[in-house]
Amino acid sequence: REGVDVGDHPPITPVRAGTEAQVGEGWRLFDMITRHFLATVSGDCKFMRTKVRFDINNEEFVVSGRKVTDPGFTRIQLSGEMDDVHVPDFTKGETLPLQKLGVGSHKTRAPPYLSESDLLSLMEKHGVGTDASMATHINNICERNYVALAEGRRLVPMKLGIGLVHGFQLVDSQLVIPKVRGNIENMCTLIAGGKAQCDSVVHHVLKIFREKFMYFVMHVDLIDQLFESTFTTLEAAGRPISRCGNCNKYLSVVDRKPVRMFCKNCDRVYKMPQNGQIKLYKELRCPLDQFELVFVANKVGKSYPLCPMCYDDPPFGSKNAVGKHWELEHPIYQKYRPAVMSCIADNCPGTLCLDVDSAPKWQIDCNICMQQLQIFGDKAYRIKVSPDLCDECGSKLLTVTFNKKNTPLPAGEEEKTACLACDELFNSLTASTTSRGFFRKNPGTKGKGKGKGKKGGRGKGKSAEDEAEARGRALAAAGKKR
């Protein structure tokens, strides 16, 4: 049939019959594969087409209809069925009265942007990539902001992609057209078929691109001129926000993705978190490099101070900083995000830290995941993390000063130092924003007292919540031993 055999694996083929009960959740996928396979080995769909030509004032008009005589494969592959289009029976030379006559006006429309499937077809046509690599090429141009994936899976060229294409065309048009890449793919096919030597092909390709590279370098000023007229500079795009620790001049933040900060005087770019608003943090400076701190706040309520230099070049090593919002060892977080206890989220190695900037609605955030605890509601006036540890779970104790008017302590007392996880009162005033509540003091016991002091029914054995709590306590104990 149609297509070219390029040595790919055979199509997915059903090997035996199955029922919905046997297949389970994959029934719809199995049904689609099976119907498609059976349709490929079924007969053609046959229909009778009728075309009637009319002559009105020496102008020819046509109306067409069809009637299916044999549904063939469409009987099985339901998505391909055809409906009858009814046309009345006419006789040649018959004269019909003209009921209505209208004149319409229309405009031509530009073709739509290429869809992913359109681009895949063109790549296959021009020999660019293989079935295994084509999807990766499309993903790369999306990640590099050359194109954007719009509604209907259509690829919309971005300003950067358009600028690069126009720039390459000014210097060397062969860098844009698919011919060069297609020729290389064909050479690789010749190597795979034993019709060409790998060393000679590699030598030939390197020679071509070395010459193209040297020519490109000689004329790169053409691209610079094009980009200067198309794009704004980092200095013009950014807004001054904090001072550089090296030159004490203002750093500018570029809010458009990729978000980054830029020092004009040092000619240095600093990467920044990609999600959240950035503003100045109390005009405080990092004790390690004297950069002014900025404040990052995202949509889910997690916020933290940040040093641009330490985020771009982690002082305790890149491996230690991977996957973390902040590092516990850093002095600014020891002061403004002190560690309290191990994260209660499943499989999270992070640490819950007190957000000292969250008053009066105090909260504790994980430095890795999005886990967040709301603590004490509006009852706490001041909270400090004590250096003392809980004897039961190893978490750090909290010293809480409550408001005089709504203190939950007996006899109107205002201050208490206890463990957030193990103290019954503290635990009842704690709730998780990412789950239904917080864990109770004694895992494995009857009842389900949780973050807001609510009680549940009785149960037998350990529940899933008990097991999650036990894991949290084990992590906290491990942190204490370290």
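These numbers were taken from a predicted model, which means no experiment stands behind them.
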*Counting only heavy atoms not in Gln290, do more than 12 fall under 6.0 Å of its CD?*
yes
_A side-chain contact here means heavy atoms from C-beta on lying under 4.5 Å apart; do Phe291 and Cys244 qualify?_
yes
_If you count every heavy atom of other residues, nucleotides or ligands that lies below 6.0 Å from Asp89 atom CG, does the total exceed 12?_
no
_Aromatic plane relationship, Tyr281 with Tyr336 - under 30° parallel, 30 to 60° tilted, over 60° perpendicular_ = perpendicular
*Look at the side chain of Asp31 and the backbone N and O of Trp27, then say whether any donor-acceptor pair between them is shorter than 3.5 Å.*
no
_Do the side chains of Arg337 and Asp365 get close enough for a salt bridge, i.e. N-O under 4.0 angstrom?_
no
_Heavy-atom pair with the smallest gap, counting every atom of Glu292 and Pro308_ = O-CD, 3.6 Å
*Any idea how His330 and Tyr333 line up, ring-wise: parallel (<30°), tilted (30 to 60°), or perpendicular (>60°)?*
perpendicular
*Could you tell me whether the side chains of Asp118 and Ser115 share a donor-acceptor contact shorter than 3.5 Å?*
yes
*Measure the OG1-CD1 distance between Thr34 and Ile76 for me, rounded to the nearest 0.5 Å.*
11.0 Å
*Are side-chain heavy atoms of Arg154 and Leu114 found at a separation under 4.5 Å?*
no
*For the residue pair Pro157 and Val147, what are the closest heavy atoms and their distance?*
CA-CG1, 4.0 Å
*Determine whether the aromatic ring centres of Phe54 and Phe90 lie less than 6.0 Å apart.*
yes
_Test item: Phe295 and Leu280 side chains (from C-beta on) under 4.5 Å apart, heavy atoms_ = no
_Pairwise distance CG(Leu288) to SG(Cys307) - rounded to 0.5 angstrom_ = 7.0 Å
*asked:* If I compare all heavy atoms of Leu155 with all of Tyr113, which pair ends up nearest, and what's the gap?
replied: O-CB, 3.6 Å
*Could you tell me the separation between the CD atom of Gln372 and the OG atom of Ser358, rounded to the nearest 0.5 Å?*
8.5 Å
*So with a 6.0 Å cut-off around NE2 of His126, is the heavy-atom count from everything else above 12?*
yes
*Quick one: pull up CG in Asp289 and CG in Asp313 and give me the separation to the nearest 0.5 Å.*
9.5 Å
*What do you reckon, is CD of Gln334 surrounded by more than 12 foreign heavy atoms closer than 6.0 Å?*
yes
*asked:* Can you classify the ring geometry of Trp326 versus Tyr304 as parallel (below 30°), tilted (30 to 60°) or perpendicular (above 60°)?
replied: tilted
*Quick one: SG on Cys142 to NE2 on His137, what's the gap to the nearest 0.5 Å?*
13.0 Å
*Considering non-hydrogen atoms only, spot the tightest contact between Ala17 and Gln22 and give its length.*
O-OE1, 4.3 Å
_Lys/Arg-Asp/Glu bridge criterion (N-O < 4.0 Å) met for Asp357, Lys282_ = yes
*Grab the two heavy atoms, one from Leu328 and one from Cys353, that are nearest each other, plus how far apart they are.*
CD2-SG, 3.5 Å
_Quick one, Ile332 and Leu293 - any side-chain contact, counting heavy atoms below 4.5 Å?_
yes
*More than 12 heavy atoms of other residues, nucleotides or ligands under 6.0 Å from OH of Tyr250: is that the case?*
no
_Salt bridge Asp83-Arg66, side-chain N to carboxylate O under 4.0 Å_ = no
_salt_bridge(Asp312, Arg260) N-O dist < 4.0 Å_ = no
*Ser200 side chain vs Ala196 backbone, donor-acceptor pair below 3.5 Å*: no
*For Asn275, look at atom CG and say whether over 12 heavy atoms of other residues, nucleotides or ligands are found less than 6.0 Å away.*
no
*asked:* On a heavy-atom basis, which atom in Gln371 and which in Cys343 lie closest, and how many Å separate them?
replied: CB-SG, 3.8 Å
*State plainly whether the residues Lys302 and Asp355 are in salt-bridge range, i.e. N to O under 4.0 Å.*
no
*Spacing of Cys198 atom SG and Met187 atom CE [to the nearest 0.5 Å]*: 12.5 Å
_Would you say CD of Glu25 has more than 12 non-hydrogen atoms from neighbouring residues, nucleotides or ligands within 6.0 angstrom?_
no
_More than 12 heavy atoms of other residues, nucleotides or ligands under 6.0 Å from CD of Gln274: yes or no?_
yes
